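Down below is the structure, laid out as structure tokens.
So you know, we letter chains A, B, ... as the sequences are listed, proteins then strands, and number each from 1. Computed from a prediction, not measured in an experiment: that's the story for all the values here.
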2 protein chains.
Amino acid sequence: MVHEVLAAVLQVRYATSGPPTLRVLLWRRALDPHIGRWSLPGGRLRPDEDVEASIRRQLAEKVDVKQLSHVEQLAVFSAPDRVPGPRVVATAFLGLVPTGVDPEVPEDTAWHELDALPRTAFDHGAIALRARDRLRAKLCYTNLGFALAPKEFTVSTLRDLYSAALGYRVSATNLQRVLSRRGLLAPTGGTAVPGRAGGRPAALYSFTGKGIQVTDPFAVFRPPARPPRRPARRAAPS
Amino acid sequence: MVHEVLAAVLQVRYATSGPPTLRVLLWRRALDPHIGRWSLPGGRLRPDEDVEASIRRQLAEKVDVKQLSHVEQLAVFSAPDRVPGPRVVATAFLGLVPTGVDPEVPEDTAWHELDALPRTAFDHGAIALRARDRLRAKLCYTNLGFALAPKEFTVSTLRDLYSAALGYRVSATNLQRVLSRRGLLAPTGGTAVPGRAGGRPAALYSFTGKGIQVTDPFAVFRPPARPPRRPARRAAPS
DNA sequence: GCAAAAGTGTTTTAGTTACACCCATGG
DNA sequence: CCATGGGTGTAACTAAAACACTTTTGC
């Protein structure tokens, strides 16, 4: 049995016009099964590496590894007929590249909008959409935004990144407040120059931490963290 | 390369005394590498099945499959040296069994408290703890409680289950309210008989849905679901 | 000055925790 | 009738969304 690793590498990219969009790096197959269709980068797992080392190695051919801001396992795809011919089990990954970096990619690869995926090889389209779902969920309850954003950014920029990734308009005001309250944003002191239309110069921010951390672990059923607010208030009548 | 599937099957079990505890089904190895240590049930992936079908098949030897209330992928464990000898990549699963059912398990298997795991074979201890973490997280933002609880239960019972799974005391009052508001609890009409100490008979409830569903998807950054609350309230002076 | 964009102050809303109190049963 | 556990009513608290308003720039 062959084990392969695949990665849906996502990035929010600015097009020449219109708002930025969430995209996935796809590669046009040159070999026979599903020749010409778009597929996720990846390849065989080697004997001396675990799956994460493997996907990082294989991505190095497409994207400079240092540009990958986040990599995490998605799931195993193992339907016996997921690819024709001898069986191949795949471990799929989500990879993220910050906005702004534009990696040199080979001729046969391109960034495709997740909202308008082309015909993909095998189950790669489904994997890419799973990656998007995972990203959307984690943006809400972790600090994963750091993996989408450049080192320094304005709140407006960040709002655009979140909006593109989540698929709906996010308010800059509230984004600022929520991320600040959680201690994720730090002003760098610098300011951005306003556009030709004017406007107050925006302050620059950066994320405080680099690694992923859960910021909102308990939606409910919080453990009784704090000691009672009012210390023994009950009266003792006689 | 060999691909195996492993499952951490968890259940909240009542001991003869003390509060119920979260336990995992382990099996004592009879073969040479790590002989005598406790390990997770599972085995080789066969050519004609995907990983979920495989783990369900293999668990059928230990636990009646119909008693499994939930099965989900955890992660791939693929360190080259995770088991001695020829390489084995493992797909790990979380499995749940409702409280109350006591499956016939083979002689060489037993339920072990997750808070006091014995010496386990290979990386199986780490896998079991990952399963516990996943369960704890999902209890908070999904309806996964249905997979821990029996068909009918009192709120007190449910409180005990959640407390055991989460590892901290949960308030029955608030558990009732949160699950009710989310539309997950339905009174069955029946009542439980009070214990010998008396007390008001508790109403019986059941979960409304069977499949897992996310009940609290957005901790923050909620999409702008509802239309504006006040329709155009601004006064037009002049 | 005016439009545009950024940022802050304040109100509203929602959901959960905390806690007091009432209810029904066994002895 | 009282201890025990079950259940409800309500206040307190937290966090986020909504929105009005101020600030700072280009033209």
For DNA chain C, whose closest nucleotide is more 5', that of B:P201 or that of B:D216? B:D216
Taking atom types as modelled, find out whether B:E152 and B:S206 have a side-chain donor-acceptor pair closer than 3.5 angstrom.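 No - no donor-acceptor pair under 3.5 Å links their side chains.
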Would B:T21 and B:R23 count as having a side-chain donor-acceptor pair, cut-off 3.5 Å? yes
Check the distance between [N]'s [atom2] and [X]'s [atom1] and give it to me in whole angstrom.
X      : N      : atom1 : atom2 : value
A:R181 : D:dA17 : CZ    : C1'   : 11 Å
A:R182 : D:dA15 : CZ    : C1'   : 10 Å
B:L158 : D:dG6  : CG    : C1'   : 14 Å
A:N174 : C:dT10 : CG    : P     : 16 Å
A:L185 : C:dT8  : CG    : P     : 12 Å
B:L175 : C:dG15 : CG    : C1'   : 15 Å
B:R159 : D:dG5  : CZ    : P     : 10 Å
A:L179 : D:dA16 : CG    : C1'   : 12 Å

Look at all strands and tell whether B:S156 reaches a base, only sugar-phosphate, or nothing, counting heavy atoms closer than 4.0 Å. sugar-phosphate
Which part of the nucleic acid, if any, lies within reach of A:A203 when heavy atoms closer than 4.0 Å are counted: base, sugar-phosphate only, or nothing?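 The residue A:A203 makes sugar-phosphate contact but no base contact.
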Looking only at the aromatic ring of each residue, does the gap between the centers of B:W38 and B:H124 stay below 6.0 angstrom? no
Just wondering, do B:V71 and B:I55 contact through their side chains at under 4.5 Å, heavy atoms? yes
Report yes if a side-chain nitrogen or oxygen of [X] is closer than 4.0 Å to either non-bridging phosphate oxygen (OP1 or OP2) of [N]; otherwise report no.
X      : N      : value
A:R196 : C:dA3  : no
B:Q176 : D:dG7  : no
B:R200 : C:dC21 : no

Which of the following nucleotides, D:dA16, C:dT16, C:dT25, is nearest to the side chain of B:V178?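 So the side chain of B:V178 is nearest to C:dT16.
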Listed nucleotide nearest any side-chain atom of A:A197, set C:dG7, C:dA4, D:dA17: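 The closest nucleotide is C:dA4.
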Want to settle it: does B:F221 or B:L204 sit nearer the 5' end of DNA chain D, counting the closest nucleotide to each?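 By nearest-heavy-atom nucleotide position, the 5'-most residue is B:L204.
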Taking for A:G195 and for B:T154 the nucleotide of DNA chain D with the nearest heavy atom, the one nearer the 5' end belongs to B:T154
For B:R13, does the CZ atom have more than 12 heavy-atom neighbours from other residues, nucleotides or ligands under 6.0 Å away? yes
Assess whether one donor atom and one acceptor atom, taken from the side chain of B:R177 and the base of D:dG9, lie less than 3.5 Å apart.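 Checked by distance alone, the answer is yes.
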